[in-house]
Amino acid sequence: MLKLIGSRLLQMLLIMAVVSLVIFAIFDSDKFKKQIAVAELGGFAVSALSDQDYQAWLDRKGLNVPFYDRYFKWVAGVARGDLGRSYEKSEPVSQLLAKRLINTGMLAFWVFALMVPLSLTLGIIAGMKEGSVRDRAVSFIAVLTTSLPEIATAIVLTVILALGLRWVPANSAMVNGWDWRQLILPVLTLVLYDFGYVARMTRASMAEVMTSQYIRTAVLKGLPYRRVILRHALRNALIAPFTIIVLQLNWILSGVVVVEVFFQYAGFGQLLLDAALFGDVYVIQAATLVAVFIAVLSQIISDIGYTLLNPRIRFS
Amino acid sequence: MTSRKPTQSDHPKVHEAFGLMKAGRMDRREFIRVAALLGTSAATAYALAGLPEPAFAAGNLPFPADDPNAKAGGILKIGMEVQKMEDPATYSWVQMSNQTRHTLEYLAMTGPDNVTRPMLAEKWDAAEDLKTWTFYLRQGVMWHNGEELTADHIAWNIERWLDPKTASSNVGLSTFSAMVEETPEKDAKGKPVKRMTKGALEIVDKHTIRFHLNKPVLSAPEDLYNYPTAICHPSFKPPISDNMIGTGPFALAELKVGDKCILKRVKKTTNGKDFNYWGGKVYLDEIHYYNFVGDNQLSAFASGTVDGVYEFSVEQMDLAKSLDGNIVIARTAQTICCRMQVDQKPFSDKRVREAVTKSVDNGVIKNLVYPTGGDIGQNHHVAPVHPDYAPLLPPLKRDVAAAKKLLAEAGFANGLELTIDVGNTDGPWHQTVAEAMRDQMKEAGITLKINVMPPSKYWEIWTKTPFGITAWTHRPLGTMAMSLAYRTGVPWNETHYANPEFDKALDAAEATLDVNERKPKLMKAAKILQDDSVMVLPVFRPVYTISAKNVHGYEGHPTQYHQFNKVWKS
């Protein structure tokens, strides 16, 4: 197991090195440098700059040195814990990133806290008796909520709950400080979108387990149905959903841009989008490192959990 | 009508304008605007016109009169994009200037009534030939560091704007383009470098500065409220957000780009003295701008998160009406130019450009994107809201047959394929316009491909793309818009249009005080531009904003400038 973790971490470092180098090379192009100038000075002003003055501006910003110089300087900084400074927001990237990660972590916590029990419960109930009314009802709801894009769910919820009934705030900008009510709509949107997927996977897994020989044997032995489900079916039925749930960590980190932007929630996804539109290379680099780290971490957790849930699987 | 008459101290042109008004050749609103521009106080100008002075300004101050019911204190929260503030002279977004407007002030201020009044300048006067302008600064205007504002400081700002290294768009304004001249120096592209004419600025005394222009200009005070003309302290070094020393009643307390911009009242100068603001009472304690992009601004208002918004879109009007707020609609000259670069193929062939403009029906497009409010554009940049506009040009008519003929003559008998770049920099309605153009142009044999890109991307290429849709904000005068965008060689000339005949016509319009005489001159320039078919300009759009019922004195400005000196909350 330690060997596995060691090898995954090594892979992670390699991926980080390659990805960061590629990003630096891409963002070193004249096109992206111009993008930064436009975002910082404005399109109207950049068009009025002479080439000489534009070069002077690049010098001031430290963008006129070869990319490998900047890259190695950045790598040395990262090793010291300095992730650089945001061109757009004029803040140290580490501070910026920490705040946004905390916000997205908060969002992720509540999404998981609601989505996991809900989807597992409904998935198990549906999968216990394939083809039953309960199964069909859960499957219908799960397909419906998953097939609606997040933006559509967000709009529907905002119109009904915020603008219509006025039960909750319509945005999550937290202008007046932390307000848990402002978290309701983004959490609800993400839970609705994600629960259907996990519930369907759980249902499929449960339905498969329920048709296996050992469950039939347990039932024929006369064991109480509750005991068959809780002691025998559940553990095996949770193997597949467990992996899916852990992998949702990746999605919640960088795949919720739409929801964060729609509700103006200052999270990691919105930061990534802003940085990409601005050409804020140091923020993009740092965000990428975090995304790679979370991806590898979730894989490690998934592998370990898989091993614990299924004793037949061993890594050599 | 009034029995009062201009006095000896008024500019000769004010006497002339008064005569025109009495003869019915100039309306009273236009007389007030012209008289105020020429140094007559707004109160006197209103009195001469026989009109009561509106609540937009009181006495010699550019701000509305004090409200006896006003309650001091409180925080005004506005939903707007919070942007980076680098250099006020190179601002390219009104939002940036709103963030600094209550700290960095202007020599003049144009109110919501389109009348320009003295701000940091106490008054001004102009020579009869409109080539020499003298600005008298208010005495005792205090910087936040305790120094007094002087004419040297104004000169420092203007010299900086006119330095090519600053790359300020102010150079394109009529006043400042009349203060520069070409030098033998060439830039990297081989174009002559323009520098400030020697003697263009004269410091008369500590509080008086004089502009010597190389051509007559009427709009000098209005140019001095253009948003990149904020007056900075000479110690300024970009970025302004790091050390903003201003003369305004508020100072920057916190800026987080893309998050919030917090302004707080200045009570003490940085050297510990009491700060005395020249502009009278200010009610609010703090102004907070919170970052809400586009349509999110109205949902933030609906939630009670903010007290007002920068703008909401036409699609949100029904929602806005359902909310408990005061909707403000301003008729403006804000527009988009679907412009072609006249030196790029195939647009270098005038017949192609004509085919494009003739294949499009501007009225249909206007009604599609702004069914209520707004004005139909006529492929030139003078809007009906401009005081110097006149409906002298016949309305444009779509002529598909003529467009096809022109294309055939240009060698595109089998059709032409074009690509238009769209950045939706002012909202998704840009794309709707492009789609409507695509459908209309198809009939004429032009296949229009629409290349949609993020707004920031569009601003990278807006001067380079041969065919693109660029948003232009409101300018108080038609001459200002035309001068900024179409005069030969100015920095914002995105069409690369260069026509000495047009420049001459524009010069003539800018030098004419009599608005009735100026109108045909400006429309002559507009006709030249229209005939040269450099763009499809289909609509002048209205702007909508909303404020909470407990916010008082929240005015809508056609340029969306915020000036909250007399705004208060109950």
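As the structure is a computational prediction, the values presented were derived from the model and not from experiment. Because only heavy atoms are used, hydrogens play no part in the values below, and waters and symmetry mates are left out as well, while side chains stay in. Residue numbers begin at 1 in each chain, while the letters A, B, ... track the order of the sequences.
Looking at B/Leu319, only its side chain comes within 4.5 Å of chain A, counting heavy atoms on both sides. Residue B/Asn296 touches chain A through its side chain alone, counting heavy-atom pairs closer than 4.5 Å. Interface residue B/Phe292: backbone and side-chain heavy atoms are both found under 4.5 Å from chain A. Using a 4.5 Å cut-off between heavy atoms, B/Val490 makes no contact with chain A at all. Heavy atoms of A/Glu91 lying under 4.5 Å from chain B belong exclusively to its side chain. Using a 4.5 Å cut-off between heavy atoms, B/Lys260 does not touch chain A at all. If you measure heavy-atom distances from A/Asn176 to chain B, the contacts under 4.5 Å come from the side chain alone. Contacts of A/Val168 with chain B are absent, with no heavy-atom separation under 4.5 Å from either backbone or side chain. Neither the backbone nor the side chain of B/Thr425 has a heavy atom closer than 4.5 Å to any heavy atom of chain A.
The closest donor-acceptor contact from the side chain of A/Asn250 to the backbone of A/Ala295 lies under 3.5 Å.
For chain A, the option among B/Glu86, B/Lys84, B/Gln83 with the highest count of heavy-atom pairs below 4.5 Å is B/Lys84.
Salt bridge status for B/Lys237 with B/Asp242: absent, with no side-chain N to carboxylate O gap under 4.0 Å. Salt-bridge check for A/Arg70 with A/Asp28: passed, with a basic side-chain N closer than 4.0 Å to an acidic carboxylate O. The pair B/Asp259-A/Lys99 does not count as a salt bridge, with every side-chain nitrogen at least 4.0 angstrom from each carboxylate oxygen.
Sparse packing is recorded around CH2 of A/Trp180, with 12 or fewer heavy atoms of other residues, nucleotides or ligands lying under 6.0 Å away. Atom NZ of A/Lys73 sits in a sparse spot, with 12 or fewer heavy atoms from other residues, nucleotides or ligands closer than 6.0 Å.
A donor-acceptor contact closer than 3.5 angstrom links the side chains of B/Gln560 and B/Gln334.
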